[in-house]
Amino acid sequence: MAATKLITMHQNKGLSVMESIANRIKYASNDLKTEDGQYISSYECDIKTATQEFDFSKKEYLRITGRKIKGDILAYQIRQSFKPGEVTPEEANAIGYETAMRFTKGNHAFLVATHTDKAHIHNHIIYNSTTLDCTHKFKDFFLVGIALQRLSDEICLEHGLSVIKPRPYAERVKRTEFPWKKTKRATVCEDIDMALSRNPRSFAELLAFLGEIGYEVKPGVHTAIRGKDQKRFVRFRSLGPGYTEEDLVKIIAGEMQQDENSSKWKTKEAWRKGTAPVYKKRDFDLLVDIEEKLKQGKGPGYERWAKIFNLKQISQALLFLQENNVRDYETLAQKADASSKFFNDLAGQIKSYEKRLSEIAEMRKHIYGFAKTKEIYEGYKKSGYSKKYFEKYREDITIHKAAKEAFSKYPKGKILKMKDLNAEYSEVLSEKRKLYQDYQQAKKDMKDYLIAKKNIDAILGDELKKYQQRENEAPTK
(Lines give C-alpha, C1' and ligand atoms only; values in the text may rest on other atoms or scores of the structure.)
Protein backbone atom coordinates (compact mmCIF):
# COMPACT_ATOMS: atom_id res chain seq x y z
CA MET A 1 0.00 0.00 0.00
CA ALA A 2 1.37 3.44 -0.92
CA ALA A 3 -0.11 6.87 -0.27
CA THR A 4 1.01 9.51 -2.78
CA LYS A 5 1.05 13.28 -2.92
CA LEU A 6 2.17 15.62 -5.72
CA ILE A 7 3.86 18.85 -4.61
CA THR A 8 4.89 21.81 -6.76
CA MET A 9 8.31 23.34 -6.05
CA HIS A 10 8.71 27.08 -6.69
CA GLN A 11 11.62 29.47 -6.32
CA ASN A 12 12.09 30.47 -2.69
CA LYS A 13 12.05 34.12 -1.75
CA GLY A 14 15.59 35.50 -1.53
CA LEU A 15 17.16 32.47 -3.23
CA SER A 16 18.25 31.83 -6.79
CA VAL A 17 16.79 29.08 -8.95
CA MET A 18 19.82 26.87 -8.37
CA GLU A 19 19.75 27.42 -4.59
CA SER A 20 16.03 26.63 -4.46
CA ILE A 21 16.51 23.37 -6.35
CA ALA A 22 19.61 22.49 -4.33
CA ASN A 23 17.70 22.81 -1.03
CA ARG A 24 15.09 20.25 -2.13
CA ILE A 25 17.62 17.79 -3.53
CA LYS A 26 19.86 18.15 -0.47
CA TYR A 27 17.01 17.20 1.87
CA ALA A 28 15.90 14.27 -0.31
CA SER A 29 19.43 12.85 -0.64
CA ASN A 30 20.37 13.27 3.05
CA ASP A 31 22.88 10.54 3.95
CA LEU A 32 21.31 9.98 7.38
CA LYS A 33 17.90 9.33 5.81
CA THR A 34 19.04 7.22 2.86
CA GLU A 35 21.70 5.20 4.74
CA ASP A 36 24.69 6.99 3.19
CA GLY A 37 23.04 7.34 -0.22
CA GLN A 38 22.49 3.61 -0.61
CA TYR A 39 18.84 4.04 -1.65
CA ILE A 40 19.06 6.76 -4.30
CA SER A 41 18.46 6.21 -8.01
CA SER A 42 18.13 8.64 -10.92
CA TYR A 43 17.12 8.94 -14.56
CA GLU A 44 18.90 11.15 -17.12
CA CYS A 45 20.77 12.99 -14.37
CA ASP A 46 23.46 12.38 -11.81
CA ILE A 47 22.66 12.90 -8.13
CA LYS A 48 25.90 14.84 -7.63
CA THR A 49 25.19 17.27 -10.48
CA ALA A 50 21.37 17.17 -10.60
CA THR A 51 21.10 20.76 -9.33
CA GLN A 52 23.29 22.11 -12.13
CA GLU A 53 21.55 19.96 -14.74
CA PHE A 54 18.08 21.13 -13.68
CA ASP A 55 19.25 24.76 -13.68
CA PHE A 56 20.88 24.42 -17.10
CA SER A 57 17.63 23.02 -18.56
CA LYS A 58 15.75 26.14 -17.33
CA LYS A 59 18.23 28.45 -19.06
CA GLU A 60 18.15 26.35 -22.23
CA TYR A 61 14.33 26.41 -22.23
CA LEU A 62 14.41 30.22 -21.99
CA ARG A 63 16.95 30.42 -24.84
CA ILE A 64 14.98 28.12 -27.14
CA THR A 65 11.42 29.32 -26.46
CA GLY A 66 11.97 32.84 -25.16
CA ARG A 67 9.20 32.23 -22.62
CA LYS A 68 9.74 33.47 -19.07
CA ILE A 69 6.86 32.43 -16.81
CA LYS A 70 6.04 34.38 -13.67
CA GLY A 71 5.80 32.06 -10.66
CA ASP A 72 7.40 29.27 -12.68
CA ILE A 73 7.36 25.75 -11.23
CA LEU A 74 10.97 24.58 -11.02
CA ALA A 75 10.27 20.93 -10.27
CA TYR A 76 7.68 18.55 -8.87
CA GLN A 77 7.98 16.25 -5.90
CA ILE A 78 6.06 13.01 -5.43
CA ARG A 79 5.90 11.72 -1.87
CA GLN A 80 5.15 8.03 -1.85
CA SER A 81 4.70 6.47 1.62
CA PHE A 82 4.42 2.72 2.19
CA LYS A 83 2.70 0.71 4.90
CA PRO A 84 5.21 -0.14 7.70
CA GLY A 85 6.77 -3.57 7.23
CA GLU A 86 5.28 -4.19 3.77
CA VAL A 87 8.31 -3.34 1.60
CA THR A 88 12.09 -3.31 1.82
CA PRO A 89 14.02 -0.11 0.99
CA GLU A 90 15.29 -1.67 -2.25
CA GLU A 91 11.79 -2.59 -3.38
CA ALA A 92 10.41 0.81 -2.38
CA ASN A 93 13.08 2.54 -4.47
CA ALA A 94 12.31 0.32 -7.46
CA ILE A 95 8.57 1.09 -7.17
CA GLY A 96 9.33 4.81 -6.91
CA TYR A 97 11.55 4.66 -10.01
CA GLU A 98 8.84 2.85 -11.99
CA THR A 99 6.17 5.29 -10.79
CA ALA A 100 8.24 8.30 -11.90
CA MET A 101 9.10 6.73 -15.26
CA ARG A 102 5.49 5.89 -16.12
CA PHE A 103 4.07 9.16 -14.76
CA THR A 104 6.51 11.36 -16.73
CA LYS A 105 6.61 8.93 -19.71
CA GLY A 106 10.40 9.20 -19.63
CA ASN A 107 10.31 12.82 -20.80
CA HIS A 108 11.69 14.37 -17.59
CA ALA A 109 14.87 13.80 -15.60
CA PHE A 110 14.21 12.63 -12.05
CA LEU A 111 15.77 11.18 -8.92
CA VAL A 112 14.27 8.81 -6.34
CA ALA A 113 15.47 8.98 -2.72
CA THR A 114 14.11 6.34 -0.33
CA HIS A 115 14.07 7.44 3.32
CA THR A 116 14.34 4.81 6.06
CA ASP A 117 14.53 7.07 9.11
CA LYS A 118 10.81 6.74 9.91
CA ALA A 119 8.66 3.76 10.85
CA HIS A 120 7.15 3.92 7.34
CA ILE A 121 9.54 3.75 4.40
CA HIS A 122 8.81 6.55 1.92
CA ASN A 123 10.12 7.92 -1.37
CA HIS A 124 10.93 11.50 -2.31
CA ILE A 125 10.71 11.61 -6.12
CA ILE A 126 11.88 14.91 -7.61
CA TYR A 127 11.46 15.40 -11.34
CA ASN A 128 12.37 18.40 -13.47
CA SER A 129 9.44 20.44 -14.74
CA THR A 130 11.36 21.01 -18.00
CA THR A 131 11.47 18.18 -20.53
CA LEU A 132 14.72 16.56 -21.60
CA ASP A 133 14.75 18.39 -24.94
CA CYS A 134 14.18 21.72 -23.07
CA THR A 135 11.24 22.70 -25.31
CA HIS A 136 8.25 22.02 -23.05
CA LYS A 137 7.15 22.08 -19.43
CA PHE A 138 5.24 19.43 -17.49
CA LYS A 139 1.57 20.36 -17.75
CA ASP A 140 -0.70 19.86 -14.77
CA PHE A 141 -4.11 18.52 -15.54
CA PHE A 142 -7.41 18.30 -13.73
CA LEU A 143 -7.38 15.71 -10.87
CA VAL A 144 -3.70 14.97 -11.45
CA GLY A 145 -3.39 13.77 -7.83
CA ILE A 146 -6.04 11.09 -8.33
CA ALA A 147 -4.38 9.93 -11.54
CA LEU A 148 -1.04 9.65 -9.73
CA GLN A 149 -2.60 7.65 -6.88
CA ARG A 150 -4.24 5.24 -9.32
CA LEU A 151 -0.96 4.73 -11.16
CA SER A 152 0.81 4.09 -7.83
CA ASP A 153 -1.89 1.58 -6.80
CA GLU A 154 -1.54 -0.23 -10.14
CA ILE A 155 2.23 -0.56 -9.69
CA CYS A 156 1.77 -1.74 -6.07
CA LEU A 157 -0.62 -4.47 -7.27
CA GLU A 158 1.93 -5.54 -9.87
CA HIS A 159 4.48 -5.93 -7.05
CA GLY A 160 2.06 -7.90 -4.87
CA LEU A 161 1.37 -5.10 -2.38
CA SER A 162 -1.95 -4.02 -0.91
CA VAL A 163 -3.71 -0.87 -2.10
CA ILE A 164 -5.88 1.77 -0.47
CA LYS A 165 -9.49 0.91 -1.23
CA PRO A 166 -11.53 4.02 -2.09
CA ARG A 167 -14.73 4.45 -0.09
CA PRO A 168 -17.89 6.32 -1.05
CA TYR A 169 -18.06 9.85 0.31
CA ALA A 170 -20.97 8.96 2.63
CA GLU A 171 -18.88 6.26 4.34
CA ARG A 172 -15.82 8.41 4.96
CA VAL A 173 -15.02 9.72 8.43
CA LYS A 174 -15.53 13.49 8.52
CA ARG A 175 -13.13 15.50 10.63
CA THR A 176 -14.27 18.81 12.05
CA GLU A 177 -10.94 19.37 13.80
CA PHE A 178 -7.53 18.64 12.42
CA PRO A 179 -4.46 17.68 14.45
CA TRP A 180 -2.06 20.53 14.97
CA LYS A 181 1.49 19.94 13.83
CA LYS A 182 3.98 21.01 16.45
CA THR A 183 5.90 24.05 15.28
CA LYS A 184 9.63 24.55 15.57
CA ARG A 185 8.98 27.35 18.07
CA ALA A 186 7.08 24.88 20.25
CA THR A 187 10.10 22.55 20.14
CA VAL A 188 12.38 25.47 21.08
CA CYS A 189 10.16 26.24 24.08
CA GLU A 190 10.22 22.58 25.17
CA ASP A 191 14.03 22.58 25.01
CA ILE A 192 14.12 25.82 27.04
CA ASP A 193 11.92 24.10 29.63
CA MET A 194 14.38 21.19 29.75
CA ALA A 195 17.28 23.59 30.17
CA LEU A 196 15.41 25.33 33.02
CA SER A 197 14.91 21.94 34.67
CA ARG A 198 18.67 21.78 35.20
CA ASN A 199 18.37 24.80 37.54
CA PRO A 200 20.73 27.23 35.79
CA ARG A 201 22.15 29.92 38.04
CA SER A 202 22.00 32.63 35.38
CA PHE A 203 20.68 33.37 31.91
CA ALA A 204 24.20 32.82 30.53
CA GLU A 205 24.25 29.33 32.05
CA LEU A 206 20.83 28.64 30.50
CA LEU A 207 22.28 29.56 27.09
CA ALA A 208 25.23 27.24 27.79
CA PHE A 209 22.82 24.35 28.50
CA LEU A 210 21.03 25.07 25.20
CA GLY A 211 24.38 25.09 23.44
CA GLU A 212 25.10 21.60 24.77
CA ILE A 213 22.03 20.20 23.00
CA GLY A 214 22.93 21.78 19.67
CA TYR A 215 21.61 25.36 19.78
CA GLU A 216 23.57 28.25 18.32
CA VAL A 217 23.32 31.56 20.21
CA LYS A 218 23.40 34.99 18.57
CA PRO A 219 23.94 37.73 21.17
CA GLY A 220 22.77 41.27 20.61
CA VAL A 221 20.12 43.74 21.71
CA HIS A 222 17.63 40.88 21.39
CA THR A 223 19.25 37.50 22.05
CA ALA A 224 18.31 34.80 19.51
CA ILE A 225 18.94 31.05 19.17
CA ARG A 226 18.88 28.56 16.31
CA GLY A 227 18.53 24.77 16.54
CA LYS A 228 20.07 22.13 14.27
CA ASP A 229 17.02 21.89 12.00
CA GLN A 230 16.27 25.62 11.94
CA LYS A 231 17.22 27.87 9.03
CA ARG A 232 16.73 31.12 10.92
CA PHE A 233 17.45 32.44 14.39
CA VAL A 234 14.50 32.85 16.76
CA ARG A 235 14.45 35.73 19.24
CA PHE A 236 13.44 34.91 22.80
CA ARG A 237 11.03 37.84 22.81
CA SER A 238 9.09 36.24 19.90
CA LEU A 239 8.40 33.00 21.83
CA GLY A 240 5.65 34.52 23.93
CA PRO A 241 5.15 35.34 27.63
CA GLY A 242 7.33 33.27 29.92
CA TYR A 243 10.05 32.76 27.31
CA THR A 244 11.26 36.31 26.81
CA GLU A 245 14.74 37.08 28.09
CA GLU A 246 13.31 39.21 30.92
CA ASP A 247 10.86 36.49 32.02
CA LEU A 248 13.54 33.79 31.91
CA VAL A 249 15.82 35.89 34.12
CA LYS A 250 12.96 36.24 36.64
CA ILE A 251 12.20 32.50 36.51
CA ILE A 252 15.84 31.64 37.16
CA ALA A 253 15.89 34.09 40.07
CA GLY A 254 12.73 32.51 41.50
CA GLU A 255 10.62 35.64 41.04
CA MET A 256 8.26 33.93 38.58
CA GLN A 257 6.84 30.44 38.39
CA GLN A 258 5.46 28.42 35.50
CA ASP A 259 1.75 27.81 35.71
CA GLU A 260 0.90 24.12 36.24
CA ASN A 261 -1.19 24.15 33.04
CA SER A 262 1.51 25.82 30.92
CA SER A 263 2.28 22.57 29.08
CA LYS A 264 -1.16 22.85 27.49
CA TRP A 265 -0.11 25.94 25.57
CA LYS A 266 1.47 23.85 22.82
CA THR A 267 -1.82 23.60 20.93
CA LYS A 268 -3.11 25.65 18.05
CA GLU A 269 -6.18 26.72 20.01
CA ALA A 270 -4.19 27.93 23.02
CA TRP A 271 -1.71 29.82 20.88
CA ARG A 272 -4.46 31.50 18.82
CA LYS A 273 -6.29 32.63 21.97
CA GLY A 274 -3.04 33.89 23.47
CA THR A 275 -3.49 31.85 26.62
CA ALA A 276 0.00 30.39 26.68
CA PRO A 277 2.55 29.98 27.94
CA VAL A 278 1.39 31.65 31.15
CA TYR A 279 3.86 32.33 33.92
CA LYS A 280 2.56 33.83 37.10
CA LYS A 281 3.71 34.64 40.57
CA ARG A 282 3.34 31.87 43.10
CA ASP A 283 0.12 31.84 45.13
CA PHE A 284 2.26 32.32 48.23
CA ASP A 285 5.87 33.33 48.67
CA LEU A 286 8.56 33.66 51.31
CA LEU A 287 7.85 36.06 54.13
CA VAL A 288 9.58 39.43 54.21
CA ASP A 289 12.10 39.87 57.03
CA ILE A 290 10.71 43.19 58.27
CA GLU A 291 13.39 43.79 60.91
CA GLU A 292 16.17 43.34 58.35
CA LYS A 293 14.46 45.68 55.87
CA LEU A 294 14.04 48.36 58.54
CA LYS A 295 17.76 48.12 59.31
CA GLN A 296 18.43 48.74 55.59
CA GLY A 297 16.57 52.04 55.84
CA LYS A 298 13.00 51.17 54.86
CA GLY A 299 10.36 53.49 56.32
CA PRO A 300 7.02 53.09 58.15
CA GLY A 301 5.10 52.82 54.86
CA TYR A 302 7.12 49.79 53.78
CA GLU A 303 6.67 48.27 57.25
CA ARG A 304 2.86 48.52 56.99
CA TRP A 305 2.91 46.99 53.48
CA ALA A 306 5.24 44.16 54.59
CA LYS A 307 2.98 43.23 57.53
CA ILE A 308 -0.06 42.96 55.25
CA PHE A 309 2.01 41.04 52.66
CA ASN A 310 3.21 38.55 55.29
CA LEU A 311 -0.32 37.99 56.57
CA LYS A 312 -1.47 37.19 53.03
CA GLN A 313 1.42 34.77 52.46
CA ILE A 314 0.74 32.99 55.76
CA SER A 315 -2.96 32.67 54.90
CA GLN A 316 -2.18 31.26 51.44
CA ALA A 317 0.41 28.84 52.86
CA LEU A 318 -2.06 27.56 55.48
CA LEU A 319 -4.71 27.16 52.80
CA PHE A 320 -2.24 25.17 50.69
CA LEU A 321 -1.47 22.88 53.66
CA GLN A 322 -5.16 22.40 54.35
CA GLU A 323 -5.87 21.47 50.72
CA ASN A 324 -3.07 18.88 50.85
CA ASN A 325 -4.28 17.45 54.19
CA VAL A 326 -1.21 18.56 56.16
CA ARG A 327 -2.39 18.98 59.77
CA ASP A 328 0.85 19.00 61.75
CA TYR A 329 4.46 20.13 61.43
CA GLU A 330 5.84 16.59 61.30
CA THR A 331 3.74 15.74 58.23
CA LEU A 332 4.85 18.98 56.57
CA ALA A 333 8.52 18.14 57.17
CA GLN A 334 8.03 14.62 55.78
CA LYS A 335 6.27 15.90 52.65
CA ALA A 336 8.95 18.54 52.08
CA ASP A 337 11.69 15.88 52.31
CA ALA A 338 9.75 13.40 50.14
CA SER A 339 9.04 15.98 47.42
CA SER A 340 12.71 17.03 47.38
CA LYS A 341 13.84 13.40 47.09
CA PHE A 342 11.35 12.66 44.28
CA PHE A 343 12.41 15.80 42.40
CA ASN A 344 16.11 14.92 42.71
CA ASP A 345 15.46 11.35 41.53
CA LEU A 346 13.67 12.62 38.42
CA ALA A 347 16.45 15.14 37.79
CA GLY A 348 18.99 12.30 37.97
CA GLN A 349 17.02 10.22 35.46
CA ILE A 350 16.73 13.17 33.07
CA LYS A 351 20.48 13.78 33.30
CA SER A 352 21.15 10.12 32.49
CA TYR A 353 18.90 10.41 29.41
CA GLU A 354 20.70 13.60 28.38
CA LYS A 355 24.06 11.86 28.75
CA ARG A 356 22.92 8.98 26.53
CA LEU A 357 21.53 11.40 23.93
CA SER A 358 24.90 13.18 23.84
CA GLU A 359 26.70 9.85 23.43
CA ILE A 360 24.43 8.80 20.56
CA ALA A 361 24.78 12.19 18.84
CA GLU A 362 28.56 11.98 19.16
CA MET A 363 28.64 8.41 17.81
CA ARG A 364 26.40 9.33 14.86
CA LYS A 365 28.75 12.20 14.04
CA HIS A 366 31.77 9.86 14.11
CA ILE A 367 30.06 7.17 11.99
CA TYR A 368 29.07 9.73 9.38
CA GLY A 369 32.54 11.34 9.44
CA PHE A 370 34.25 7.94 9.19
CA ALA A 371 32.23 6.93 6.11
CA LYS A 372 32.65 10.32 4.44
CA THR A 373 36.45 10.43 4.87
CA LYS A 374 37.25 6.73 4.37
CA GLU A 375 38.53 7.10 0.79
CA ILE A 376 40.72 10.07 1.66
CA TYR A 377 42.26 8.22 4.60
CA GLU A 378 42.94 5.18 2.39
CA GLY A 379 44.77 7.51 0.01
CA TYR A 380 46.73 8.89 2.97
CA LYS A 381 47.86 5.36 3.88
CA LYS A 382 48.81 4.55 0.28
CA SER A 383 50.90 7.73 0.13
CA GLY A 384 52.99 6.38 3.00
CA TYR A 385 51.47 8.92 5.38
CA SER A 386 52.88 11.76 3.29
CA LYS A 387 53.07 15.14 5.04
CA LYS A 388 52.11 16.90 1.82
CA TYR A 389 49.00 14.73 1.46
CA PHE A 390 48.16 15.29 5.13
CA GLU A 391 48.34 19.07 4.78
CA LYS A 392 46.10 18.93 1.71
CA TYR A 393 43.42 16.87 3.49
CA ARG A 394 44.15 17.82 7.10
CA GLU A 395 40.52 18.34 8.14
CA ASP A 396 39.21 15.08 6.63
CA ILE A 397 42.09 13.01 8.01
CA THR A 398 41.63 14.54 11.47
CA ILE A 399 37.91 13.68 11.37
CA HIS A 400 38.72 10.09 10.37
CA LYS A 401 41.29 9.69 13.15
CA ALA A 402 38.86 11.09 15.73
CA ALA A 403 36.23 8.58 14.56
CA LYS A 404 38.65 5.66 14.81
CA GLU A 405 39.67 6.75 18.30
CA ALA A 406 36.01 6.92 19.35
CA PHE A 407 35.36 3.44 17.91
CA SER A 408 38.34 2.01 19.80
CA LYS A 409 36.59 2.72 23.12
CA TYR A 410 33.86 0.21 22.25
CA PRO A 411 34.30 -3.57 22.32
CA LYS A 412 34.73 -5.12 18.87
CA GLY A 413 31.43 -5.49 17.05
CA LYS A 414 29.46 -3.52 19.64
CA ILE A 415 29.05 -0.32 17.61
CA LEU A 416 25.43 0.07 16.52
CA LYS A 417 24.40 0.89 12.95
CA MET A 418 23.20 4.37 12.08
CA LYS A 419 19.62 3.14 11.71
CA ASP A 420 19.68 1.56 15.20
CA LEU A 421 21.25 4.69 16.71
CA ASN A 422 18.52 6.85 15.16
CA ALA A 423 15.84 4.57 16.58
CA GLU A 424 17.44 4.59 20.04
CA TYR A 425 17.85 8.37 19.95
CA SER A 426 14.14 8.82 19.18
CA GLU A 427 13.17 6.39 21.93
CA VAL A 428 15.39 7.98 24.59
CA LEU A 429 14.23 11.49 23.61
CA SER A 430 10.60 10.37 23.84
CA GLU A 431 11.16 8.86 27.30
CA LYS A 432 12.93 12.00 28.45
CA ARG A 433 10.07 14.22 27.34
CA LYS A 434 7.51 11.99 29.05
CA LEU A 435 9.54 12.14 32.25
CA TYR A 436 9.87 15.90 31.94
CA GLN A 437 6.10 16.36 32.44
CA ASP A 438 6.35 14.63 35.85
CA TYR A 439 9.52 16.61 36.53
CA GLN A 440 7.75 19.96 36.12
CA GLN A 441 5.01 18.96 38.58
CA ALA A 442 7.56 17.55 41.03
CA LYS A 443 9.53 20.79 40.87
CA LYS A 444 6.42 22.83 41.64
CA ASP A 445 5.40 20.55 44.53
CA MET A 446 8.88 20.68 46.03
CA LYS A 447 9.02 24.48 45.91
CA ASP A 448 5.53 24.79 47.37
CA TYR A 449 6.28 22.52 50.33
CA LEU A 450 9.72 24.04 50.98
CA ILE A 451 8.38 27.61 50.94
CA ALA A 452 5.42 26.64 53.13
CA LYS A 453 7.80 24.94 55.59
CA LYS A 454 10.16 27.93 55.65
CA ASN A 455 7.25 30.30 56.33
CA ILE A 456 5.98 28.07 59.15
CA ASP A 457 9.52 27.91 60.56
CA ALA A 458 9.66 31.71 60.46
CA ILE A 459 6.33 31.97 62.30
CA LEU A 460 7.44 29.47 64.95
CA GLY A 461 10.77 31.28 65.29
CA ASP A 462 9.04 34.63 65.87
CA GLU A 463 6.73 33.06 68.47
CA LEU A 464 9.72 31.53 70.26
CA LYS A 465 11.50 34.93 70.34
CA LYS A 466 8.41 36.62 71.79
CA TYR A 467 8.07 33.88 74.42
CA GLN A 468 11.73 34.23 75.45
CA GLN A 469 11.36 38.02 75.55
CA ARG A 470 8.33 37.77 77.86
CA GLU A 471 10.25 35.35 80.09
CA ASN A 472 13.18 37.74 80.35
CA GLU A 473 10.93 40.73 81.11
CA ALA A 474 8.89 38.91 83.77
CA PRO A 475 9.77 40.03 87.37
CA THR A 476 11.75 37.50 89.37
CA LYS A 477 10.36 36.31 92.71
Side-chain angles (χ1 to χ4, degrees), residues 22-42 46-51 88-90 92-93 111-119 121-124 191 210-216 226-231 352-432:
N23 284 346
R24 291 1 183 259
I25 294 177
K26 184 179 179 181
Y27 176 81
S29 59
N30 189 313
D31 286 345
L32 296 176
K33 298 176 182 292
T34 59
E35 298 189 16
D36 294 331
Q38 184 179 351
Y39 304 118
I40 299 177
S41 57
S42 61
D46 187 282
I47 186 63
K48 294 180 181 178
T49 58
T51 301
T88 61
E90 294 86 354
N93 191 268
L111 59 93
V112 183
T114 304
H115 288 191
T116 60
D117 59 325
K118 304 288 185 183
I121 293 173
H122 57 283
N123 289 327
H124 287 261
D191 290 334
L210 290 171
E212 290 176 11
I213 58 176
Y215 278 90
E216 183 182 350
R226 179 171 65 183
K228 292 179 181 177
D229 300 328
Q230 290 177 244
K231 293 181 181 178
S352 67
Y353 284 142
E354 287 177 348
K355 182 181 178 183
R356 182 55 187 158
L357 289 173
S358 298
E359 290 173 353
I360 294 172
E362 189 70 16
M363 184 51 64
R364 287 196 304 187
K365 183 182 78 173
H366 286 309
I367 291 173
Y368 179 69
F370 183 86
K372 190 177 178 182
T373 59
K374 187 176 180 180
E375 290 184 8
I376 292 175
Y377 193 79
E378 289 295 329
Y380 178 53
K381 286 169 65 178
K382 288 178 183 177
S383 70
Y385 302 101
S386 164
K387 290 184 178 179
K388 186 176 179 181
Y389 189 96
F390 177 81
E391 290 300 326
K392 185 177 180 181
Y393 299 103
R394 174 188 288 272
E395 185 179 353
D396 291 330
I397 293 172
T398 304
I399 291 172
H400 196 86
K401 284 183 175 180
K404 289 179 72 175
E405 185 179 350
F407 296 160
S408 66
K409 297 176 183 178
Y410 289 81
K412 190 175 181 180
K414 293 292 183 181
I415 300 173
L416 295 175
K417 294 181 180 178
M418 185 71 79
K419 186 176 181 181
D420 296 331
L421 285 172
N422 289 340
E424 185 184 355
Y425 188 92
S426 299
E427 184 181 348
V428 173
L429 185 61
S430 175
E431 290 297 323
K432 177 186 169 184

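- Side-chain polar atoms of Thr114 and Asn93 form a donor-acceptor pair below 3.5 angstrom.
- One finds a salt bridge joining Glu391 and Arg394 here, because a Lys/Arg side-chain nitrogen approaches an Asp/Glu carboxylate oxygen to under 4.0 Å.
- The distance from the CZ atom of Phe407 to the CZ atom of Phe370 is 6.0 Å, given to the nearest 0.5 Å.
- Here the OH-CZ distance, from Tyr377 to Phe390, works out to 9.5 Å after rounding to the nearest 0.5 Å.
- At least one donor-acceptor pair closer than 3.5 Å links the side chain of His115 to the backbone N or O of Ala28.
- Between the NZ atom in Lys374 and the CG atom in Asp36 there is a gap of 10.5 Å [rounded to 0.5 Å].
- Between Tyr27 and Lys33 there is a side-chain heavy-atom pair separated by less than 4.5 Å.
- How far CG of Leu429 is from CD of Glu424: 12.0 Å, rounded to the nearest 0.5 Å.
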Next on the checklist: Is there a salt bridge (charged side-chain N to carboxylate O under 4.0 Å, His left out) between Glu362 and Lys365? Walk through the geometry before answering.
Outcome noted: CA-CA 5 Å; Glu362 189 70 16; Lys365 183 182 78 173; 3.4 Å; yes
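- Remark: Lys401 engages no residue in a salt bridge (charged side-chain N to carboxylate O under 4.0 Å, His left out) (not counting sequence neighbours).
- Between atom OG1 of residue Thr34 and atom CG of residue Asn123 there is a gap of 11.5 Å, rounded to the nearest 0.5 Å.
- Here the CG-NZ distance, from Asn23 to Lys26, works out to 7.5 Å after rounding to the nearest 0.5 Å.
- The neighbour count for Glu359 CD, taken as heavy atoms of other residues, nucleotides or ligands under 6.0 Å away, is above 12.
- When side chains are defined from C-beta on, Thr88 does not count as touching Ile121, because their heavy atoms never get closer than 4.5 Å.
- Nearest heavy atom pair, residue Ser386 against residue Ser383, reads N-OG, 3.3 Å.
- Side-chain atoms of Arg356 and Tyr425, non-hydrogen and from C-beta on, never get closer than 4.5 Å to each other.
- Among all heavy-atom pairs drawn from Ala406 and His366, the shortest one is CB-CD2, 3.4 Å.
- In this structure a side-chain-to-backbone donor-acceptor pair under 3.5 Å is present from Tyr389 to Ile376.
- Formation of a donor-acceptor pair under 3.5 Å by the Ser426 side chain with backbone atoms of Asn422 is found in this model.
- Of the possible polar contacts, none joining the Ser430 side chain to the Glu427 backbone as a donor-acceptor pair under 3.5 Å is found.
- Residues Ile25 and His124 are not in side-chain contact: their nearest non-hydrogen atoms beyond the backbone lie 4.5 Å or more apart.
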